[in-house]
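The first residue in the sequence is number 1, and the count goes up from there. We count ligands from 1, going down the list as the structure has it; atoms in each ligand are counted the same way. What you see below is based on every heavy atom in this structure, not just the backbone, and it leaves out hydrogens, waters and symmetry mates.
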Amino acid sequence: MGKTDSPPYVDTCSICLCPIERGMKLHRCSACSLAFHADCWKENYGCATYGCANVNSLRQGPDISITNEAVRRSNPEPPLRTRSNGGVQHRPPEIDLPWEYVLLGGSAFVAILSVVMFGLPAILLGVLAWYYTSVTPRPKLGVLIAVFAICGAAFLTGLVLSCLLWMS
Ligand SMILES: [Zn+2]
Ligand SMILES: [Zn+2]
């Protein structure tokens, strides 16, 4: 029995961090050349070194690692804003007419007409304003409420005034 300058074990397993003793099955990673117990290697489905090409090399079945393809598929719509075309965004031309104020101005006009027409123009404009409110995603409700108020008042006063006008 001489010196024991060689360690009693061959190498240290990089998975369980235990010595791989002589006679034990050793698996050396072909990519990073670290030593592992053969059983540890098998249980770990390959190498344990972060970033090593043999990580999960034994794993079978569906690939659960997140690939770029999987990330791309989970985000099917690329953000449109990143598409640069000189800073100009091509949007469909939008008619930016403030219809609420057109209706408001119209309601003043039909209020006068309603005086001689039994309030009918006010009803028509009220229906128009109601239709506009229902088809517009974000109508200016304050203005539209004013339109409805004017139409309602114009209808009532128009009805009364027309009766007085035409019956006299
Ligand atoms: Zn081990
Ligand atoms: Zn490795």
Side-chain angles (χ1 to χ4, degrees), residues 1-110 123-152:
M1 285 292 163
K3 290 187 202 162
T4 56
D5 39 1
S6 66
Y9 51 87
V10 181
D11 215 325
T12 305
C13 172
S14 293
I15 290 172
C16 69
L17 306 176
C18 293
I20 304 167
E21 284 163 38
R22 287 176 203 285
M24 280 181 168
K25 273 192 168 177
L26 180 145
H27 185 98
R28 200 169 284 280
C29 177
S30 60
C32 67
S33 72
L34 277 175
F36 304 94
H37 291 111
D39 288 342
C40 289
W41 176 273
K42 217 183 282 175
E43 268 171 49
N44 195 58
Y45 296 106
C47 189
T49 309
Y50 181 77
C52 176
N54 282 340
V55 171
N56 280 336
S57 62
L58 299 183
R59 201 177 283 281
Q60 287 174 356
D63 185 11
I64 58 154
S65 64
I66 300 168
T67 61
N68 283 340
E69 173 71 9
V71 170
R72 199 186 58 75
R73 253 183 292 168
S74 67
N75 298 307
E77 279 181 77
L80 287 170
R81 278 167 201 281
T82 57
R83 194 174 56 191
S84 163
N85 44 19
V88 180
Q89 280 207 334
H90 292 291
R91 292 204 311 189
E94 209 171 280
I95 304 158
D96 212 14
L97 202 63
W99 280 105
E100 289 89 347
Y101 294 103
V102 173
L103 288 165
L104 189 66
S107 66
F109 178 67
V110 296
I123 291 181
L124 288 176
L125 193 93
V127 170
L128 196 68
W130 184 258
Y131 173 74
Y132 173 80
T133 310
S134 62
V135 296
T136 307
R138 268 170 298 159
K140 295 183 181 71
L141 278 177
V143 182
L144 286 163
I145 286 166
V147 171
F148 290 130
I150 292 168
C151 286

- Query: What's within reach of the Zn ion (ligand 2), meaning protein N/O/S atoms under 2.8 Å?
  - Reply: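 Per the 2.8 Å query on the Zn ion (ligand 2), atoms found are Cys29 SG, Cys32 SG, Cys47 SG, Cys52 SG.
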- Task: Enumerate the protein N/O/S atoms at a distance below 2.8 Å from the Zn ion (ligand 1), ignoring waters.
- Result: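 Sorted hits: Cys13 SG, Cys16 SG, His37 ND1, Cys40 SG.
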- Item | Closest contact, heavy atoms only, Ile150 versus Ala108 |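 Heavy atoms only, the tightest pair is CG2-N, 4.4 Å.
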- Task: Can you see which heavy atom on Ile20 is nearest to which on Phe36, and at what distance?
- Result: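 Closest pair (atom of Ile20, atom of Phe36, distance): CD1-C, 3.5 Å.
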- Heavy-atom donor-acceptor pair, Thr133 side chain to Ala129 backbone, under 3.5 Å: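 It does hold such a pair.
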- Query: Within the distance-only criterion (no hydrogens, no angle test), does the side chain of Glu100 pair as donor or acceptor with the backbone N or O of Val143 below 3.5 angstrom?
  - Reply: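 Here the side-chain-to-backbone pair does not exist.
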- Task: Could you give me the CA-CA distance, side-chain angles and deciding distance for Leu125 and Trp130, then say whether side-chain contact (heavy atoms from CB on, under 4.5 Å) is met?
- Result: CA-CA 8 Å; Leu125 193 93; Trp130 184 258; over 6 Å; no
Sequence neighbours left out, cut at 3.5 Å: what donor-acceptor pairs do the side chains of residues 38-46 make with other protein atoms?
unit_1 : atom_1 : unit_2 : atom_2 : d
Asn44  : ND2    : Gly46  : O      : 3.1
Asn44  : ND2    : Cys47  : O      : 3.1

- side-chain hydrogen bond (donor to acceptor under 3.5 Å, both in side chains) contacts touching residues 10-19 (sequence neighbours left out):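 Listed by first then second residue: Asp11-Arg28.
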- Item | SG-CG distance between Cys32 and Asn54, expressed to the nearest 0.5 angstrom |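 Result: 7.0 Å between the selected atoms.
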- Message: Is the shortest side-chain heavy-atom distance between Val55 and Thr49 below 4.5 Å?
- Response: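 Sidechains of Thr49 and Val55: no contact.
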